[in-house]
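Note: hydrogens, waters and symmetry copies are ignored here, and every other heavy atom, side chains too, is used. Numbered from 1 within each chain, the chains take letters A, B, ... in sequence-line order.
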There are 2 protein chains.
Amino acid sequence: MTNKAVAMLRARALTVTVDLAIFTVRQHELQTLLVRRGNEPFRGVLALPGGFVRPGEGLDDAAVRELSEETGVNGRKLHLEQLQAYGAPDRDPRGRVITVAYLALGHGLPAPQAGTDAQAADWIPVASALSSNVRLAFDHEAILRDALERARSKLEYTTVAAAFCPEPFTVADLRHVYEAVWAAPLDPSNFRRKVTRATGFIVPTGQFRTPEIGRPAPLYRRGNSQVLFPPLLRSVA
Amino acid sequence: MTNKAVAMLRARALTVTVDLAIFTVRQHELQTLLVRRGNEPFRGVLALPGGFVRPGEGLDDAAVRELSEETGVNGRKLHLEQLQAYGAPDRDPRGRVITVAYLALGHGLPAPQAGTDAQAADWIPVASALSSNVRLAFDHEAILRDALERARSKLEYTTVAAAFCPEPFTVADLRHVYEAVWAAPLDPSNFRRKVTRATGFIVPTGQFRTPEIGRPAPLYRRGNSQVLFPPLLRSVA
DNA sequence: CCAAAAGTGTTGCGTCTACACCCATGG
DNA sequence: CCATGGGTGTAGACGCAACACTTTTGG
């Protein structure tokens, strides 16, 4: 088999990249990491960080590597999940390139480092990145929109929101995450009840944090649960 | 740019396939289409239908083509959506092959035709395909499990269940779909209320179908809505 | 009349929203 | 004492599971 099979594989070879939609919450606002491309095509245009999948490298491994190259953060400490593959034949002017998009959620991410392929990288509010007067390279705007929608719905029925919060955190910190990602205000009382009732979402540390003004808030850390039951639904408005 | 860029693409070339988890409901049971492989590797082993993505062919186009080659059905008439990409480096013994998995849902699918790469193809109950005494080629068992879970949750908050029903259909037909996919019985009364209250899920035709025994049932066709509100949740049991 | 399937009513339970109210702290 | 944010109580609306009950057909 081998010779014939390998020859068949070669004849059908394409190129595969990974692209990352990395979200974080800063100043009560959802932001994403974008790079300004240093090479053609789309030189000088904003794009999602990403790069080629290396031979012998798994897709998840490639995503972790790119994440670490672009942000200096160990990707295994962040929430990282595959979004989906994008493979329109004309999505890359260089030829046939399929990309596998990933969604990463983190907190306290450092000022990004410019990689080999990127002149500069910086955190940009997602709302700005998706506004009509910003153009993104390739089909990255569509990817970013899909990633945002995925993140929004994941907050409903999983506990990933805690990935945005540096430990230890308060219930209000967590609420600010929901408010930033959903771009909607939430009732503090009811939010608190739901979040504390759901088992395994957050666990109290016994410590408190005293704000500049007001009653001290209990501190929590992330629990074991991945799923959130009952779910925290967005209002239908 | 072109020469250098193209050379770079070539150097990093991989192979990409699409694989299809095609579901249908027959005899009140969820079934999937599997082929018995005619070539190495995994010759004689059951596998999901699929094949190589051709140069210049979009991923969705490749999925539609494979679907039509394997089932003879025009894929654009079925519900077809991408699941995700699978790219573990050792998932194919021939070398580096990434696959993009698709989920297809249909009704009245014909007896399948054996393709070039498949000795035979047939509908198999999903429960059997996932049972411990059936082995699937490559990582297709994991893909099939993911596809099943996706289909199950899609039934909750979208109207895709109607894709399983040949038009016109009764409320009981639709309920049998939910019961087959979720592998759980549902209360006919409450199911009927939810399904008819949700706007745009099913619309009455005015016709009736008289069963061998019992009161005639109104016939419906699919509505316009893609999303199902309020959602039809699985019981937590 | 009976069996079977379609369809309606009703009750009880739980959850959510909205908002009033109390608690703990710094100034 | 006040302002501010943390935290609890509660009433009304709503949704849903469970199940009794009625309707419509063929035999």
Starting from C1' on D:dG27, measure out to CD on B:E212 and report it in whole angstrom. 12 Å
More than 12 foreign heavy atoms under 6.0 Å from CD of A:Q226: is that the case here? no
Would you say C:dC23 has OP1 or OP2 under 4.0 Å from some side-chain N or O of A:R215? no
From C:dA6, C:dC16, C:dG7, pick the nucleotide closest to the side chain of B:S189? C:dG7
Looking only at side-chain atoms of A:A217, point me to the closest of D:dG6, D:dT25, C:dA6. D:dG6
Could you check how far CZ of A:R175 sits from P of D:dG5, rounded to whole Å? 10 Å
Distance, rounded to the nearest Å, where A:F229 contributes CZ and C:dG14 contributes P: 13 Å
Please report, rounded to the nearest Å, how far the C1' atom of D:dA17 is from the CG atom of B:L186. 12 Å
Any idea how A:Y178 and A:W182 line up, ring-wise: parallel (<30°), tilted (30 to 60°), or perpendicular (>60°)? perpendicular
Answer yes or no: does a side-chain N or O of B:R193 lie under 4.0 Å from OP1 or OP2 of C:dG7? no
What is the distance, to the nearest angstrom, from the CD1 atom on B:I202 to the C1' atom on C:dA6? 13 Å
Rounded to the nearest angstrom, tell me the gap between atom CG in B:L233 and atom C1' in C:dG14. 14 Å
Taking the side chain as every heavy atom from C-beta outward, state whether B:T99 and B:V16 have any atom pair closer than 4.5 Å. no
Donor-acceptor pair under 3.5 Å: do we get one between A:R209's side chain and the base of D:dG6? no
Residue among B:D61, B:L20, B:V53 satisfying side-chain contact (heavy atoms from CB on, under 4.5 Å) with B:E66: B:L20
Examine D:dG15: is either OP1 or OP2 under 4.0 Å from a nitrogen or oxygen in the side chain of B:K194? Give yes or no. no
Using a 4.0 Å heavy-atom cut-off, does B:P218 contact any base of the nucleic acid, only the sugar-phosphate backbone, or nothing at all? sugar-phosphate
Mind calculating the distance between CG (B:D187) and P (C:dT8) to the nearest angstrom? 14 Å
Whole angstrom value for the distance that separates P of D:dG6 from CZ of A:F169: 15 Å
Residue whose nearest DNA chain D nucleotide is more 5′ - A:N190 or A:G214: A:G214
With side-chain contact (heavy atoms from CB on, under 4.5 Å) as the test, pick out the partner of A:Y102 among A:D19, A:L59, A:L48. A:L59
With heavy atoms under 4.0 Å as the rule, sort A:P211 into base, sugar-phosphate or nothing. nothing
So which nucleotide from D:dG26, C:dT25, C:dG7 ends up closest to the side chain of B:R192? C:dG7
